[in-house]
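For reference, positions follow the sequence shown, starting with 1.
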Amino acid sequence: MVKMSLHLVQVMQKVSPSANGDSRASWEEDEEEDEEEDEDHLGLPTTTKPVTGRRARKVEGGVFFPKPENAVTVAVSSRVLFRTELEQKVFEQKGVEEYLRYQIEHENEPFAPGPAFPFVKALETVNARLRELYPQSEELFDIVLVTYNHAHVGIRLINTINHHNLFIERFCMTGGSSPIGYLKAWHTNLYLSADADKVREALAEGIAAATMFMTEKLTEVSESQLRVAFDGDAVLFSDESERIFKAHGLDKFFQHERDNEDTLLDHGPLKGFLEALGKLQKKFYAKGQRLDCPIRTYLVTARSAASSGIRALKTLRAWGLEIDEALFLAGAPKGPMLEKIRPHIYFDDQMFHVEGAAEMGTVAAHVPYGVAQKHNQPQNPGVRK
(Lines give C-alpha, C1' and ligand atoms only; values in the text may rest on other atoms or scores of the structure.)
Protein backbone atom coordinates (compact mmCIF):
# COMPACT_ATOMS: atom_id res chain seq x y z
CA MET A 1 0.00 0.00 0.00
CA VAL A 2 1.05 3.63 -0.48
CA LYS A 3 2.29 5.49 2.57
CA MET A 4 0.12 8.33 3.83
CA SER A 5 0.19 10.66 6.80
CA LEU A 6 -2.54 12.48 8.65
CA HIS A 7 -0.20 15.19 9.88
CA LEU A 8 2.82 15.33 7.60
CA VAL A 9 1.88 15.71 3.96
CA GLN A 10 4.01 13.42 1.82
CA VAL A 11 6.31 14.87 -0.80
CA MET A 12 4.84 14.62 -4.30
CA GLN A 13 7.10 12.78 -6.69
CA LYS A 14 5.69 14.67 -9.66
CA VAL A 15 3.33 17.61 -9.95
CA SER A 16 2.36 18.46 -13.50
CA PRO A 17 0.75 21.73 -14.59
CA SER A 18 -2.63 20.04 -14.92
CA ALA A 19 -2.28 18.44 -11.51
CA ASN A 20 -1.48 21.54 -9.50
CA GLY A 21 -3.54 24.00 -11.50
CA ASP A 22 -0.77 26.41 -12.42
CA SER A 23 -0.52 27.65 -15.99
CA ARG A 24 2.66 29.01 -17.50
CA ALA A 25 0.93 32.38 -17.93
CA SER A 26 0.79 32.78 -14.16
CA TRP A 27 4.57 32.68 -13.82
CA GLU A 28 7.11 35.39 -14.50
CA GLU A 29 8.40 35.27 -18.08
CA ASP A 30 11.98 34.86 -16.98
CA GLU A 31 11.24 32.05 -14.52
CA GLU A 32 13.05 28.86 -15.38
CA GLU A 33 11.02 25.67 -15.79
CA ASP A 34 13.51 23.48 -13.95
CA GLU A 35 14.44 23.81 -10.29
CA GLU A 36 17.61 22.68 -8.62
CA GLU A 37 17.23 20.73 -5.42
CA ASP A 38 19.07 22.09 -2.39
CA GLU A 39 19.21 21.14 1.26
CA ASP A 40 18.33 23.42 4.15
CA HIS A 41 20.17 23.58 7.46
CA LEU A 42 18.21 20.54 8.73
CA GLY A 43 19.39 18.47 5.79
CA LEU A 44 15.91 18.23 4.27
CA PRO A 45 15.38 18.72 0.54
CA THR A 46 13.57 21.79 -0.71
CA THR A 47 12.65 22.63 -4.30
CA THR A 48 10.85 25.94 -3.77
CA LYS A 49 12.18 29.20 -5.17
CA PRO A 50 12.11 32.59 -3.47
CA VAL A 51 9.30 34.97 -4.29
CA THR A 52 10.97 37.61 -6.43
CA GLY A 53 8.06 40.02 -6.65
CA ARG A 54 4.39 40.37 -5.84
CA ARG A 55 2.22 38.85 -8.53
CA ALA A 56 -0.83 40.88 -9.45
CA ARG A 57 -3.95 38.73 -9.58
CA LYS A 58 -5.81 38.67 -12.84
CA VAL A 59 -9.05 40.09 -11.53
CA GLU A 60 -11.36 41.76 -13.98
CA GLY A 61 -14.80 43.33 -13.77
CA GLY A 62 -14.60 44.66 -10.22
CA VAL A 63 -14.82 41.33 -8.37
CA PHE A 64 -16.47 41.63 -4.95
CA PHE A 65 -16.43 39.31 -1.97
CA PRO A 66 -19.66 37.46 -1.14
CA LYS A 67 -21.22 37.51 2.30
CA PRO A 68 -20.48 34.20 4.07
CA GLU A 69 -24.17 33.38 4.42
CA ASN A 70 -24.63 33.60 0.64
CA ALA A 71 -21.51 31.74 -0.46
CA VAL A 72 -20.46 28.09 -0.45
CA THR A 73 -17.63 28.44 2.05
CA VAL A 74 -14.75 25.98 1.95
CA ALA A 75 -12.29 26.29 4.82
CA VAL A 76 -8.90 24.76 4.03
CA SER A 77 -6.02 24.18 6.42
CA SER A 78 -2.68 25.60 5.31
CA ARG A 79 -1.20 22.13 5.90
CA VAL A 80 -3.33 20.56 3.18
CA LEU A 81 -3.39 23.50 0.77
CA PHE A 82 0.42 23.68 0.85
CA ARG A 83 3.27 21.33 1.67
CA THR A 84 4.56 22.31 5.11
CA GLU A 85 6.24 19.10 6.28
CA LEU A 86 9.63 20.81 6.49
CA GLU A 87 8.27 23.54 8.78
CA GLN A 88 6.43 20.93 10.85
CA LYS A 89 9.73 19.16 11.39
CA VAL A 90 11.29 22.39 12.65
CA PHE A 91 8.40 22.81 15.08
CA GLU A 92 8.62 19.25 16.38
CA GLN A 93 12.41 19.27 16.76
CA LYS A 94 13.10 22.82 17.96
CA GLY A 95 9.87 24.24 19.40
CA VAL A 96 7.55 27.11 18.65
CA GLU A 97 10.00 30.02 18.98
CA GLU A 98 12.51 28.52 16.56
CA TYR A 99 9.61 27.62 14.27
CA LEU A 100 8.39 31.23 14.15
CA ARG A 101 11.93 32.49 13.55
CA TYR A 102 12.36 30.00 10.71
CA GLN A 103 9.08 31.06 9.08
CA ILE A 104 10.01 34.74 9.23
CA GLU A 105 13.48 34.08 7.80
CA HIS A 106 11.93 32.12 4.90
CA GLU A 107 8.82 34.25 4.34
CA ASN A 108 9.84 35.08 0.76
CA GLU A 109 10.07 31.38 -0.15
CA PRO A 110 6.65 30.06 -1.28
CA PHE A 111 5.27 26.75 -0.11
CA ALA A 112 4.79 24.06 -2.73
CA PRO A 113 1.23 22.83 -3.54
CA GLY A 114 -0.37 20.34 -1.16
CA PRO A 115 -3.17 17.78 -1.66
CA ALA A 116 -6.00 20.36 -1.54
CA PHE A 117 -4.35 22.64 -4.10
CA PRO A 118 -5.94 21.15 -7.27
CA PHE A 119 -9.35 21.16 -5.55
CA VAL A 120 -9.04 24.85 -4.65
CA LYS A 121 -7.91 25.73 -8.17
CA ALA A 122 -10.98 23.92 -9.51
CA LEU A 123 -13.22 25.94 -7.18
CA GLU A 124 -11.73 29.12 -8.62
CA THR A 125 -12.37 27.85 -12.15
CA VAL A 126 -16.06 27.38 -11.30
CA ASN A 127 -16.17 30.87 -9.80
CA ALA A 128 -14.80 32.37 -13.00
CA ARG A 129 -17.58 30.72 -14.99
CA LEU A 130 -20.23 31.83 -12.49
CA ARG A 131 -19.04 35.44 -12.61
CA GLU A 132 -19.34 35.40 -16.39
CA LEU A 133 -22.96 34.23 -16.20
CA TYR A 134 -24.04 36.07 -13.02
CA PRO A 135 -21.82 39.14 -12.52
CA GLN A 136 -23.70 40.39 -9.44
CA SER A 137 -24.43 37.07 -7.73
CA GLU A 138 -22.90 36.19 -4.36
CA GLU A 139 -23.56 32.47 -4.86
CA LEU A 140 -19.91 31.53 -5.34
CA PHE A 141 -17.29 29.39 -3.68
CA ASP A 142 -15.57 31.36 -0.93
CA ILE A 143 -12.26 29.93 0.27
CA VAL A 144 -11.02 30.60 3.79
CA LEU A 145 -7.46 29.67 4.72
CA VAL A 146 -7.42 28.26 8.24
CA THR A 147 -4.19 27.84 10.18
CA TYR A 148 -3.06 27.35 13.78
CA ASN A 149 -0.12 29.60 12.95
CA HIS A 150 0.75 32.85 14.65
CA ALA A 151 -0.04 35.94 12.61
CA HIS A 152 3.70 36.41 11.91
CA VAL A 153 3.47 33.46 9.50
CA GLY A 154 0.73 35.24 7.54
CA ILE A 155 3.27 37.10 5.40
CA ARG A 156 4.70 33.86 4.05
CA LEU A 157 1.21 32.50 3.39
CA ILE A 158 0.23 35.68 1.53
CA ASN A 159 3.42 35.53 -0.52
CA THR A 160 2.68 31.91 -1.38
CA ILE A 161 -0.89 32.68 -2.41
CA ASN A 162 0.33 35.48 -4.68
CA HIS A 163 3.05 33.24 -6.07
CA HIS A 164 0.51 30.59 -7.11
CA ASN A 165 -1.99 33.21 -8.30
CA LEU A 166 -4.70 32.00 -5.92
CA PHE A 167 -7.69 34.17 -5.08
CA ILE A 168 -7.86 33.74 -1.29
CA GLU A 169 -8.44 36.85 0.78
CA ARG A 170 -10.00 35.43 3.94
CA PHE A 171 -7.62 34.08 6.57
CA CYS A 172 -8.18 32.60 10.01
CA MET A 173 -4.89 32.44 11.96
CA THR A 174 -5.68 31.15 15.45
CA GLY A 175 -2.26 31.10 17.10
CA GLY A 176 -2.72 27.54 18.34
CA SER A 177 -6.39 27.82 19.36
CA SER A 178 -9.15 25.67 17.92
CA PRO A 179 -10.67 27.12 14.72
CA ILE A 180 -14.07 25.43 15.12
CA GLY A 181 -15.91 28.45 16.52
CA TYR A 182 -14.65 30.57 13.63
CA LEU A 183 -15.78 27.95 11.13
CA LYS A 184 -19.34 28.30 12.39
CA ALA A 185 -19.13 32.09 12.14
CA TRP A 186 -17.99 31.73 8.51
CA HIS A 187 -21.05 29.53 7.76
CA THR A 188 -18.58 26.88 6.60
CA ASN A 189 -19.95 24.29 4.17
CA LEU A 190 -16.79 22.14 4.15
CA TYR A 191 -13.64 22.00 6.29
CA LEU A 192 -10.51 20.18 5.07
CA SER A 193 -7.64 19.58 7.45
CA ALA A 194 -4.66 17.34 8.18
CA ASP A 195 -5.70 17.21 11.86
CA ALA A 196 -8.08 14.28 12.42
CA ASP A 197 -9.02 15.47 15.92
CA LYS A 198 -10.14 18.87 14.64
CA VAL A 199 -12.07 17.19 11.83
CA ARG A 200 -13.96 15.11 14.41
CA GLU A 201 -14.60 18.25 16.43
CA ALA A 202 -16.04 19.97 13.37
CA LEU A 203 -18.28 16.98 12.55
CA ALA A 204 -19.57 16.98 16.13
CA GLU A 205 -20.61 20.61 15.60
CA GLY A 206 -22.50 19.72 12.43
CA ILE A 207 -19.86 21.02 10.00
CA ALA A 208 -19.01 18.85 6.99
CA ALA A 209 -15.35 17.96 7.38
CA ALA A 210 -12.71 15.47 6.28
CA THR A 211 -9.05 14.64 6.83
CA MET A 212 -6.94 14.94 3.70
CA PHE A 213 -4.01 12.80 2.58
CA MET A 214 -1.21 13.00 0.08
CA THR A 215 0.20 10.01 -1.75
CA GLU A 216 3.46 9.58 -3.58
CA LYS A 217 1.44 8.91 -6.73
CA LEU A 218 -0.83 11.72 -7.91
CA THR A 219 -3.21 11.42 -10.85
CA GLU A 220 -3.64 14.40 -13.15
CA VAL A 221 -7.06 16.04 -12.81
CA SER A 222 -9.21 18.29 -14.97
CA GLU A 223 -8.40 22.00 -15.10
CA SER A 224 -11.84 22.93 -16.49
CA GLN A 225 -14.30 20.82 -14.44
CA LEU A 226 -14.58 20.32 -10.68
CA ARG A 227 -15.11 16.62 -9.95
CA VAL A 228 -16.22 15.53 -6.49
CA ALA A 229 -16.85 11.88 -5.54
CA PHE A 230 -18.72 10.67 -2.47
CA ASP A 231 -19.21 7.36 -0.72
CA GLY A 232 -22.81 6.70 0.31
CA ASP A 233 -23.31 5.26 3.80
CA ALA A 234 -21.90 7.39 6.65
CA VAL A 235 -20.92 10.11 4.14
CA LEU A 236 -23.97 11.28 2.18
CA PHE A 237 -26.32 9.08 4.21
CA SER A 238 -26.39 8.12 7.88
CA ASP A 239 -24.67 4.96 9.13
CA GLU A 240 -28.02 3.22 9.81
CA SER A 241 -27.52 0.52 7.16
CA GLU A 242 -23.83 0.18 7.96
CA ARG A 243 -24.78 -0.65 11.55
CA ILE A 244 -27.02 -3.47 10.35
CA PHE A 245 -24.22 -4.86 8.21
CA LYS A 246 -21.62 -4.66 11.01
CA ALA A 247 -23.94 -6.27 13.56
CA HIS A 248 -25.74 -8.92 11.52
CA GLY A 249 -23.89 -9.48 8.25
CA LEU A 250 -24.59 -9.08 4.55
CA ASP A 251 -27.79 -11.14 4.30
CA LYS A 252 -29.50 -9.18 7.08
CA PHE A 253 -28.32 -5.96 5.46
CA PHE A 254 -29.93 -6.90 2.13
CA GLN A 255 -33.15 -7.88 3.90
CA HIS A 256 -33.19 -4.63 5.86
CA GLU A 257 -32.79 -2.60 2.66
CA ARG A 258 -35.59 -4.51 0.90
CA ASP A 259 -37.90 -4.06 3.88
CA ASN A 260 -37.13 -0.33 4.03
CA GLU A 261 -36.94 0.39 0.32
CA ASP A 262 -39.49 3.22 0.57
CA THR A 263 -38.11 4.61 3.84
CA LEU A 264 -35.68 7.44 3.29
CA LEU A 265 -32.20 7.18 4.72
CA ASP A 266 -31.28 9.90 7.21
CA HIS A 267 -28.69 12.44 6.12
CA GLY A 268 -24.97 11.98 6.63
CA PRO A 269 -22.27 14.58 7.34
CA LEU A 270 -21.55 15.47 3.66
CA LYS A 271 -25.15 15.71 2.46
CA GLY A 272 -25.15 19.49 2.91
CA PHE A 273 -22.03 19.93 0.78
CA LEU A 274 -23.54 17.89 -2.07
CA GLU A 275 -26.65 20.06 -1.75
CA ALA A 276 -24.52 23.21 -2.04
CA LEU A 277 -22.81 21.82 -5.15
CA GLY A 278 -26.22 21.02 -6.62
CA LYS A 279 -27.43 24.60 -6.15
CA LEU A 280 -24.46 25.93 -8.09
CA GLN A 281 -24.95 23.31 -10.81
CA LYS A 282 -28.53 24.48 -11.30
CA LYS A 283 -27.28 28.00 -11.99
CA PHE A 284 -25.45 26.60 -15.02
CA TYR A 285 -28.46 24.50 -16.04
CA ALA A 286 -30.61 27.66 -15.99
CA LYS A 287 -28.32 29.14 -18.65
CA GLY A 288 -28.57 26.06 -20.87
CA GLN A 289 -25.16 24.71 -19.82
CA ARG A 290 -26.11 21.34 -18.35
CA LEU A 291 -23.86 19.53 -20.83
CA ASP A 292 -21.03 22.00 -20.25
CA CYS A 293 -21.36 22.32 -16.49
CA PRO A 294 -17.99 22.82 -14.73
CA ILE A 295 -19.19 20.81 -11.69
CA ARG A 296 -19.66 17.04 -11.83
CA THR A 297 -20.60 14.79 -8.89
CA TYR A 298 -20.23 11.05 -8.38
CA LEU A 299 -21.62 8.44 -5.99
CA VAL A 300 -19.10 5.61 -5.57
CA THR A 301 -20.56 3.04 -3.20
CA ALA A 302 -19.90 -0.57 -2.21
CA ARG A 303 -23.67 -1.16 -2.28
CA SER A 304 -25.15 -3.53 -4.87
CA ALA A 305 -27.51 -1.90 -7.36
CA ALA A 306 -30.34 -4.47 -7.42
CA SER A 307 -30.07 -5.57 -3.79
CA SER A 308 -29.62 -2.24 -2.00
CA GLY A 309 -29.18 0.55 -4.52
CA ILE A 310 -32.80 1.57 -4.99
CA ARG A 311 -33.13 2.97 -1.46
CA ALA A 312 -30.08 5.19 -1.93
CA LEU A 313 -31.38 6.54 -5.25
CA LYS A 314 -34.88 7.14 -3.87
CA THR A 315 -33.39 9.05 -0.95
CA LEU A 316 -31.36 11.33 -3.22
CA ARG A 317 -34.39 11.97 -5.42
CA ALA A 318 -36.58 12.77 -2.41
CA TRP A 319 -33.95 15.24 -1.21
CA GLY A 320 -34.07 16.92 -4.63
CA LEU A 321 -30.40 16.13 -5.25
CA GLU A 322 -28.94 15.00 -8.55
CA ILE A 323 -25.84 12.85 -8.81
CA ASP A 324 -24.29 12.99 -12.26
CA GLU A 325 -22.89 9.47 -12.08
CA ALA A 326 -23.64 6.60 -9.67
CA LEU A 327 -21.36 3.58 -9.41
CA PHE A 328 -22.66 0.60 -7.40
CA LEU A 329 -19.63 -1.66 -7.03
CA ALA A 330 -21.12 -4.56 -5.01
CA GLY A 331 -18.00 -4.75 -2.87
CA ALA A 332 -15.44 -4.40 -5.68
CA PRO A 333 -12.39 -2.17 -5.04
CA LYS A 334 -13.07 1.53 -5.52
CA GLY A 335 -9.55 2.55 -6.51
CA PRO A 336 -9.71 1.52 -10.20
CA MET A 337 -13.05 3.31 -10.69
CA LEU A 338 -11.74 6.45 -9.04
CA GLU A 339 -8.66 6.33 -11.25
CA LYS A 340 -11.00 6.59 -14.25
CA ILE A 341 -13.11 9.38 -12.70
CA ARG A 342 -10.06 11.38 -11.59
CA PRO A 343 -11.88 13.44 -8.97
CA HIS A 344 -10.27 16.43 -7.30
CA ILE A 345 -11.39 14.89 -4.01
CA TYR A 346 -13.08 11.67 -2.87
CA PHE A 347 -14.83 11.31 0.51
CA ASP A 348 -15.12 7.97 2.34
CA ASP A 349 -15.70 6.93 5.95
CA GLN A 350 -13.49 3.82 5.82
CA MET A 351 -9.71 3.94 5.80
CA PHE A 352 -9.57 0.77 3.71
CA HIS A 353 -11.24 2.57 0.82
CA VAL A 354 -9.26 5.78 1.40
CA GLU A 355 -6.02 3.83 1.15
CA GLY A 356 -7.23 1.95 -1.92
CA ALA A 357 -8.06 5.24 -3.62
CA ALA A 358 -4.71 6.76 -2.66
CA GLU A 359 -2.87 3.74 -4.02
CA MET A 360 -4.34 4.54 -7.45
CA GLY A 361 -3.36 8.22 -7.23
CA THR A 362 -6.66 9.74 -6.04
CA VAL A 363 -6.65 12.51 -3.45
CA ALA A 364 -8.86 10.86 -0.83
CA ALA A 365 -10.35 12.41 2.31
CA HIS A 366 -11.43 10.46 5.37
CA VAL A 367 -14.76 11.29 7.03
CA PRO A 368 -14.40 9.92 10.61
CA TYR A 369 -18.11 9.37 11.20
CA GLY A 370 -20.33 6.42 12.12
CA VAL A 371 -20.00 2.86 13.33
CA ALA A 372 -17.17 2.00 10.95
CA GLN A 373 -14.79 4.10 13.08
CA LYS A 374 -14.85 1.35 15.72
CA HIS A 375 -13.29 -0.98 13.16
CA ASN A 376 -11.39 1.66 11.20
CA GLN A 377 -7.75 0.83 11.84
CA PRO A 378 -5.44 1.63 8.92
CA GLN A 379 -4.66 -1.40 6.79
CA ASN A 380 -1.28 0.01 5.88
CA PRO A 381 1.27 -0.07 8.74
CA GLY A 382 3.00 2.90 7.08
CA VAL A 383 0.03 5.17 7.85
CA ARG A 384 0.92 7.49 10.72
CA LYS A 385 -1.58 9.29 12.94
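- No donor-acceptor distance shorter than 3.5 angstrom exists from the side chain of Ser193 to the backbone of Met212, with no hydrogens or angles considered.
- Remark: the backbone N or O of Glu109 is paired with a side-chain donor or acceptor of Arg156 at under 3.5 angstrom.
- Salt bridge status for Arg311 with Glu261: absent, with no side-chain N to carboxylate O gap under 4.0 Å.
- Between the side chains of His256 and Glu240, at least one donor-acceptor pair of N or O atoms lies under 3.5 Å.
- Atom CZ of Phe91 has 12 or fewer neighbouring heavy atoms from other residues, nucleotides or ligands inside a 6.0 Å radius.
- In this model, no donor atom of one side chain and acceptor atom of the other lie less than 3.5 Å apart for Ser307 and Glu257.
- Under the 3.5 Å distance criterion, the side-chain polar atoms of Ser308 are matched with a main-chain donor or acceptor of Ser304.
- Between Asp259 and Gln255, the side chains place a donor N or O and an acceptor N or O closer than 3.5 Å (distance only, hydrogens not considered).
- When the shell of 6.0 Å around CZ of Arg258 is examined, it contains more than 12 heavy atoms from other residues, nucleotides or ligands.
- Considering every non-hydrogen atom in both Thr362 and Pro343, the closest pair reads CG2-CG, 3.8 Å.
- A donor-acceptor pair is defined here as one N or O able to donate and one able to accept, closer than 3.5 Å; no such pair exists between the side chain of Ser77 and the backbone of Leu192.
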Inset, instruction - Applying ring-ring contact (aromatic ring centres under 6.0 Å, His included), run through Phe237 and Trp319 and close with a yes or a no. - result: CA-CA 11 Å; Phe237 313 123; Trp319 288 346; 5.7 Å; yes
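- A salt bridge links Arg290 and Glu322; the closest N-O separation between the charged side-chain nitrogens and carboxylate oxygens is under 4.0 Å.
- The backbone N or O of Phe328 sits nowhere less than 3.5 Å from a side-chain atom of Thr301 that would complete a donor-acceptor pair.
- Here Glu87 does not pair with Lys89 in a salt bridge; the nearest charged N to carboxylate O distance is not below 4.0 Å.
- Listed for the Tyr182 side chain is no donor-acceptor partner under 3.5 Å among the backbone atoms of Met173.
- Looking at Asp195 and Arg79, no side-chain N of the basic residue comes within less than 4.0 Å of a carboxylate O on the acidic one, giving no salt bridge.
- Distance alone, capped at 3.5 Å, places no donor-acceptor pair between the Asn149 side chain and the Thr174 backbone.
- Checked by atom type, the side-chain pair Lys94/Tyr102 shows no donor-acceptor distance below 3.5 Å.
- For the residue pair Gln281 / Asp324, a side-chain donor-acceptor distance below 3.5 Å is found, with atom types taken as modelled.
- A 4.5 Å side-chain heavy-atom check between Glu139 and Leu280 finds at least one atom pair inside the cut-off.
- Remark: Lys334 is not positioned above the aromatic ring of Phe352, lacking an NZ or CZ atom under 6.0 angstrom from the ring centre and at most 45 degrees off the axis.
- A donor-acceptor pair shorter than 3.5 Å can be found between the side chains of Arg303 and Ser241.
- With respect to the salt-bridge test (charged N to carboxylate O, under 4.0 angstrom), the residues Arg101 and Glu97 do not qualify.
- With a 6.0 Å radius and a threshold of 12 heavy atoms from other residues, nucleotides or ligands, Phe171 has its CZ atom above the threshold.
- Ion pairing between a basic and an acidic side chain is recognised when a charged N comes within 4.0 Å of a carboxylate O; Lys67 and Asp142 show no such pairing.
- More than 12 heavy atoms of other residues, nucleotides or ligands shown are found within 6.0 angstrom of NE2 on His187.
- In this structure, the side chain of Glu124 engages the main chain of Phe167 through a donor-acceptor pair within 3.5 Å.
- The two atoms that bring Pro68 and Thr73 nearest to each other are O-OG1, 3.8 Å, heavy atoms only.
- At least one donor-acceptor pair under 3.5 Å links the side chain of Ser222 to the backbone N or O of Ser224.
- A side-chain N or O of Tyr99 and one of Gln103 form a donor-acceptor pair less than 3.5 Å apart.
- No salt bridge links Glu223 with Lys121; every basic N to acidic carboxylate O contact stays at or beyond 4.0 Å.
- The one candidate from Ile310, Leu265, Asp266 that meets the side-chain contact (heavy atoms from CB on, under 4.5 Å) condition with Thr315 is Leu265.
- In this structure the side chain of Glu107 never reaches within 4.5 angstrom of the side chain of Glu105, judged on heavy atoms.
- Considering only heavy atoms from C-beta on, Phe111 stays 4.5 Å or farther from Ile161 through its side chain.
- Within the 3.5 Å criterion, the main-chain N or O of Pro110 finds no donor-acceptor partner in the side chain of Thr160.
- Ring-plane geometry between Phe117 and His164 is classed as perpendicular, the angle between the planes exceeding 60 degrees on a 0 to 90 degree scale with a lower cut at 30.
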